[in-house]
Amino acid sequence: MKKTTLFIVAAVLGVLALPASALAEETVISEVAFILNSFSFLISGVLVMWMAAGFAMLEAGMVRSKNVSTICLKNISLYSLAGILYYLIGYNLMYSGVDGGFFGSLGFWGPDDAAALAGDYSAEYASGSDWFFQMVFVATAASVVSGTVAERIRLWPFLLFVVVLTGIIYPIQGAWSWGGGWLDEMGFSDYAGSTIVHSVGGWAALTGAIILGARKGKYGAGGRVNPIPGSSMPLATLGTFILWLGWFGFNGGSVLALGSADAVIEMSVVYLNTNLAAAGGIIAAMIALQVIYKKVDLSMALNGALAGLVSITAGPDTPTPGGAVLIGAVGGVLVVLAVPLFDKLKIDDVVGALSVHLVCGIWGTLAVPITNGDASFFVQLLGVVAVGAFVSLLSAGVWLAMKYTIGIRVSPEEEHSGSDTAELGLEAYPEFGQGSQKLR
Amino acid sequence: MKKTTLFIVAAVLGVLALPASALAEETVISEVAFILNSFSFLISGVLVMWMAAGFAMLEAGMVRSKNVSTICLKNISLYSLAGILYYLIGYNLMYSGVDGGFFGSLGFWGPDDAAALAGDYSAEYASGSDWFFQMVFVATAASVVSGTVAERIRLWPFLLFVVVLTGIIYPIQGAWSWGGGWLDEMGFSDYAGSTIVHSVGGWAALTGAIILGARKGKYGAGGRVNPIPGSSMPLATLGTFILWLGWFGFNGGSVLALGSADAVIEMSVVYLNTNLAAAGGIIAAMIALQVIYKKVDLSMALNGALAGLVSITAGPDTPTPGGAVLIGAVGGVLVVLAVPLFDKLKIDDVVGALSVHLVCGIWGTLAVPITNGDASFFVQLLGVVAVGAFVSLLSAGVWLAMKYTIGIRVSPEEEHSGSDTAELGLEAYPEFGQGSQKLR
Amino acid sequence: MKKTTLFIVAAVLGVLALPASALAEETVISEVAFILNSFSFLISGVLVMWMAAGFAMLEAGMVRSKNVSTICLKNISLYSLAGILYYLIGYNLMYSGVDGGFFGSLGFWGPDDAAALAGDYSAEYASGSDWFFQMVFVATAASVVSGTVAERIRLWPFLLFVVVLTGIIYPIQGAWSWGGGWLDEMGFSDYAGSTIVHSVGGWAALTGAIILGARKGKYGAGGRVNPIPGSSMPLATLGTFILWLGWFGFNGGSVLALGSADAVIEMSVVYLNTNLAAAGGIIAAMIALQVIYKKVDLSMALNGALAGLVSITAGPDTPTPGGAVLIGAVGGVLVVLAVPLFDKLKIDDVVGALSVHLVCGIWGTLAVPITNGDASFFVQLLGVVAVGAFVSLLSAGVWLAMKYTIGIRVSPEEEHSGSDTAELGLEAYPEFGQGSQKLR
């Protein structure tokens with residue numbers, strides 16, 4: 001065989017064997033990546049779904065026993081409505097054809113995997129897995145609201161607000177950034193949603209709390225703030241643990257991939273930073289509480305952990321472990337300072353959700369440029385303000401429209417006796433607590 | 001190089017390079033698929049295991065505080081017995097050598113992965129992962145029973161029934177369908193077990209409730225039904241959330257594969273349909289409750305969510321998202337109607353499990369042909385009736401045999417004071433509730 | 001083409017095509033394995049993190065209502081501290097450069113995945129996923145301590161002990177075995193940590209309980225033991241279910257791989273053996289309780305399940321299913337016998353953690369050679385004794401140093417009124433239980 005022949009053979013190998021092998025290789029890789037990406041969405045989505053239970057338990061522990069059943073029902077039904085609305089309108093409004101603009105298109109969502117079923121894996125994940133993962137995020141935003149406005153809002157008006165929030169408000173502002181709209185084009189960076197999810201819930205809750213007014217007896221004469229202790233600290237603790245657990249899916253799933261070593265390395269960093277930020281949040285809050293009040297209030301400490309989680313959510317991929325602890329710790333201290341501030345403003349936030357999700361949502365978003373060179377402080381601030389203004393305006397509109405038509409607040413008698421008997425016709429703890437005390 | 005030579009080179013490439021590459025490729029794919037299939041069984045199985053905790057919390061919230069410890073013990077020990085019995089007898093009776101017949105073979109189960117360890121991945125999954133996944137399903141069927149017969153059945157006779165149910169009754173009827181028996185050959189379609197798991201638990205519970213009789217004081221003179229409220233609504237809510245979460249493993253794992261794009265696409269559809277059916281179930285139940293009773297009873301709403309989940313379980317892969325909402329919604333309404341019906345028949349079902357698992361198990365099974373062209377209504381009905389007759393007959397036999405020998409019901413005094421002190425020698429809440437009330 | 005030519009072509013194929021293909025193959029496989037190994041660490045780690053919630057709920061249910069908030073705070077903050085300390089000092093002390101010796105090096109831990117990001121997957125997993133998985137194990141060891149010393153230890157001294165335990169004591173003894181130190185070189189075998197995690201927590205708790213002394217009123221004159229019932233059995237049950245669930249990650253993740261069929265087969269065996277050991281533990285404990293006491297105490301039965309879990313943890317990969325049931329069953333009986341024994345010794349263990357984690361941790365470690373031919377009973381015993389001596393000595397030193405400086409025990413008045421009001425300024429159940437009883 002002459003050199004030429006060898007060359008030709010090599011060329012043939014180059015044309016037939018190697019490309020064929022490489023092609024097969026890439027096909028394999030792309031199908032495996034498709035599977036792993038999709039599976040990550042599903043498992044992470046399950047963890048985020050679990051956060052709905054976390055909010056339910058946290059809030060059930062933080063309200064008085066006469067309102068426990070109602071807050072449980074609100075939490076499980078808002079999660080349900082969020083799913084239905086996101087199918088009916090939300091997903092496409094957020095993701096379909098936004099193209100640098102302000103919102104997507106109208107129309108039911110449906111799975112479409114024809115290409116992948118035909119062997120083309122360029123979509124990179126099953127459409128349904130993506131929908132599922134995005135859907136549980138909407139629900140999280142709505143969960144934030146229920147805690148703040150608890151113990152005095154009526155059931156059905158609250159759920160009507162959830163319909164508007166999850167069907168319209170959340171998807172539109174989400175289209176701006178995650179949907180590829182104008183904020184995204186400006187370079188706004190919010191990894192898993194400190195702003196897009198948490199502060200959105202926070203702004204909606206803030207307007208609701210102001211328009212609803214405080215619970216009877218919360219604020220006395222002369223600026224006096226009366227503590228109204230929650231009915232079950234272990235349930236509040238359980239709720240916090242559940243939220244912490246679910247947050248691994250919330251932030252970790254937001255890598256949006258698992259089909260490469262790079263993706264799983266990033267996911268690992270996100271997991272450990274998420275954990276360390278929560279740890280930093282609770283320990284910092286505990287120290288602050290001990291220093292300021294000489295006692296470590298458990299409900300505040302729990303909020304410290306949640307504060308750490310919200311704070312890291314905008315950028316869990318870039319900090320060092322020590323940086324994550326610090327970002328979370330700042331959040332933990334912010335909560336300890338913000339809770340009495342809201343009380344001074346007579347904004348009655350039953351579970352401290354404004355301090356956790358709104359204040360730390362802002363902090364977390366603005367903190368991104370500290371560790372992420374691709375983010376600009378100005379654009380981050382712009383995103384915070386734009387989303388805040390939009391959500392506040394629309395939310396206030398909805399709250400006010402309902403207030404002056406169907407009404408949003410339970411009657412004073414119902415507030416006194418509790419929403420559970422008034423709206424649900426039952427008691428959360430009929431044999432003890434509020435229930436048994438009235439039987440006597 | 002002549003054309004012939006080129007041809008020969010190509011042929012050599014065809015013999016050596018390409019097949020070798022393709023062979024390696026398939027080997028890789030099959031090992032990766034083997035891993036993913038097995039891992040899906042394990043993770044899904046863990047989620048279904050978690051449903052045992054869901055049943056425990058749901059039922060602990062729905063019974064009176066004097067019976068809470070007992071129902072907790074029943075739930076955790078029935079899960080344990082189900083595992084042991086499925087190892088001792090159940091698995092092989094259900095899956096080994098059924099061949100179109102009525103049951104498999106007798107014998108302990110043991111893992112066998114010799115082929116896979118030698119590099120032959122044609123089994124497609126690790127034997128232990130399959131056993132684990134199947135085992136948690138048996139436990140689910142048994143969990144259904146404990147809720148219905150709560151507050152009056154004795155501990156050990158209940159556990160003896162669980163032994164027979166999980167060791168014999170469940171595996172035999174399971175052999176008919178999932179084991180490849182006669183129902184399977186007729187084309188019976190029950191994706192994750194609306195009939196095979198949920199209605200099986202339902203029939204066993206129904207016969208138990210009838211043979212046991214109602215709790216003292218539940219039914220008064222003149223057809224009067226006295227409500228006996230559960231002791232803790234947040235625990236019931238937590239239990240429902242846990243069940244909902246676990247159901248992603250229950251239905252999603254029933255794809256029985258994760259090793260291809262097709263499988264993960266199907267799993268994604270199953271996940272979102274499962275979620276939407278539960279959402280449809282609770283929202284429909286809430287609307288029905290508001291319309292009929294003007295109040296939204298939380299325990300009924302929770303059962304609405306579970307009803308949606310049971311309803312979609314027989315066919316979560318074929319409906320559109322909207323179809324899943326509707327299938328679940330019908331389940332939610334069925335529960336609202338069925339609960340008072342069972343009361344009218346004086347069948348005392350403490351947690352509403354008959355309405356959820358039996359009624360909606362039947363509905364879900366019969367609804368499969370609506371969206372799945374491969375299923376026939378007649379065969380579905382045949383499956384429902386055959387399984388119902390078999391399970392009812394055997395269950396009734398076991399309940400009656402125990403009733404007239406060892407006895408199944410606590411004494412009237414024990415029923416009054418509660419099973420916790422009578423059978424366990426402790427109280428669930430010694431410092432409040434039933435406990436503290438007696439101290440006074 | 002002559003034979004020579006054919007040979008040369010084949011050789012060329014051998015040099016270019018096949019090796020290229022095989023190389024690409026292995027690269028692919030190694031990246032997929034890298035992803036799967038890392039993902040297994042993350043998902044398993046999440047399950048183990050969830051065990052922190054399990055300990056919190058178990059202990060919240062087992063203490064009196066006046067101490068419930070405090071135990072919740074201790075559990076969530078110890079988990080947080082464990083993470084921070086393991087980052088600051090623990091991980092490197094345990095794993096970095098132990099080389100057959102007694103401990104590693106000092107220094108903050110940080111992720112390092114440069115090689116993998118450059119395409120070299122020989123590390124086999126993302127460094128952060130490994131850290132995350134190891135970190136949650138430290139937390140588990142610390143969780144064991146909180147239950148034993150509950151209801152009388154002060155908050156901050158307890159947390160200071162946690163700092164030393166998770167930063168120094170645990171990592172050093174862990175370096176001996178898992179870190180590749182002297183015990184590992186001798187062949188000590190502790191798959192997921194019956195000794196390295198559970199008995200370490202147990203020894204630390206034992207010294208703490210002795211040095212702290214018993215709760216007031218626990219032990220009366222003439223050897224009388226006064227039962228102090230826990231405040232919420234459903235929470236204790238929930239905690240047990242959570243721990244059981246998390247244990248699948250604890251033992252299953254300890255395969256330390258998911259990137260091959262062998263690994264997932266081993267993981268499947270570990271899952272099912274873990275489940276069956278827990279089942280064996282609770283059923284055996286229930287039978288023992290029925291036989292000995294004629295009543296099946298729920299809290300003891302729950303400890304039976306946990307005993308089974310701890311017992312199988314040292315070697316969940318080698319027993320047959322039946323062997324796993326038996327190993328767990330022995331653990332379940334041991335707990336029933338050990339709890340009154342500790343009481344006889346007047347060692348006051350609030351939740352029975354010594355019987356579960358210390359006694360069964362030892363049993364499980366010594367039981368490994370029964371089914372694992374590679375383990376030697378002598379080396380197992382040596383490991384148990386060496387770890388026990390080291391941890392006891394250092395723990396006792398820390399407890400004593402704190403006792404005679406800052407103090408470790410709440411005042412008698414605080415113990416009477418409860419840690420919740422004394423240290424946290426709130427009540428766990430202000431509307432019922434201890435709270436409402438004082439209002440009256």
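Worth saying up front: this structure is predicted, and the values here are computed from it rather than measured. Letters go in sequence order (proteins before strands), and every chain restarts at 1.
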Structural part of [X] lying under 4.5 Å from a heavy atom of chain B:
X	result
C/Asp262	both
C/Met300	neither
C/Trp50	side chain
C/Leu238	both
C/Ala301	side chain
C/Ser231	both
C/Ile265	both

Which of [options] touches chain C most, by non-hydrogen pairs under 4.5 Å:
options	answer
B/Ser38, B/Gly83, B/Ser127	B/Ser38
B/Ala82, B/Ala428, B/Ala422	B/Ala428
B/Ser232, B/Ser77, B/Ala116	B/Ser77

At what distance, to the nearest 0.5 angstrom, does [atom1] of [X] lie from [atom2] of [Y]?
X	Y	atom1	atom2	result
C/Ile242	B/Ile242	CD1	CD1	7.0 Å
B/Tyr79	C/Phe241	OH	CZ	8.5 Å
C/Leu272	B/Asp130	CG	CG	11.0 Å

State, with a plain yes or no, whether a side-chain heavy atom of [X] is found less than 4.5 Å away from one of [Y].
X	Y	answer
C/Val296	B/Glu423	no
B/Leu73	C/Thr237	no
B/Leu42	C/Phe248	no
B/Phe132	C/Ser268	no
B/Ile76	C/Trp244	yes
B/Ser69	C/Ser299	no

Verify, without hydrogens or angle tests, whether B/Tyr87 (side chain) and C/Gly322 (backbone) share a donor-acceptor contact under 3.5 angstrom.
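At least one qualifying donor-acceptor pair exists.
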Let's test your reading of the structure: which of [options] forms the most heavy-atom pairs below 4.5 Å with chain B?
options	answer
C/Lys294, C/Met233, C/Met267	C/Met233
C/Asp297, C/Asn275, C/Ile43, C/Val269	C/Asn275
C/Asn273, C/Thr240, C/Leu235, C/Ile282	C/Ile282
C/Ser260, C/Ala305, C/Ala278	C/Ser260

Close contacts, residues 284-293 of chain C versus chain B, judged by heavy atoms under 4.5 Å
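Only C/Met286, C/Ile287, C/Gln290 of residues 284-293 of chain C have a heavy atom under 4.5 Å from chain B.
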Side chain, backbone, both or neither: which part of [X] has a heavy atom under 4.5 Å from chain C?
X	answer
B/Leu159	side chain
B/Leu47	neither
B/Ala52	both
B/Trp156	side chain
B/Val46	both
B/Leu426	side chain

What are the two closest non-hydrogen atoms of [X] and [Y], and how far apart are they?
X	Y	answer
B/Met49	C/Leu245	SD-CD1, 3.8 Å
C/Ala261	B/Glu31	N-OE2, 2.9 Å
C/Leu258	B/Ile35	O-CG2, 3.2 Å

Is the C/Tyr429 to B/Tyr429 ring centre distance short of 6.0 Å?
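They do not qualify: ring centres at least 6.0 Å apart.
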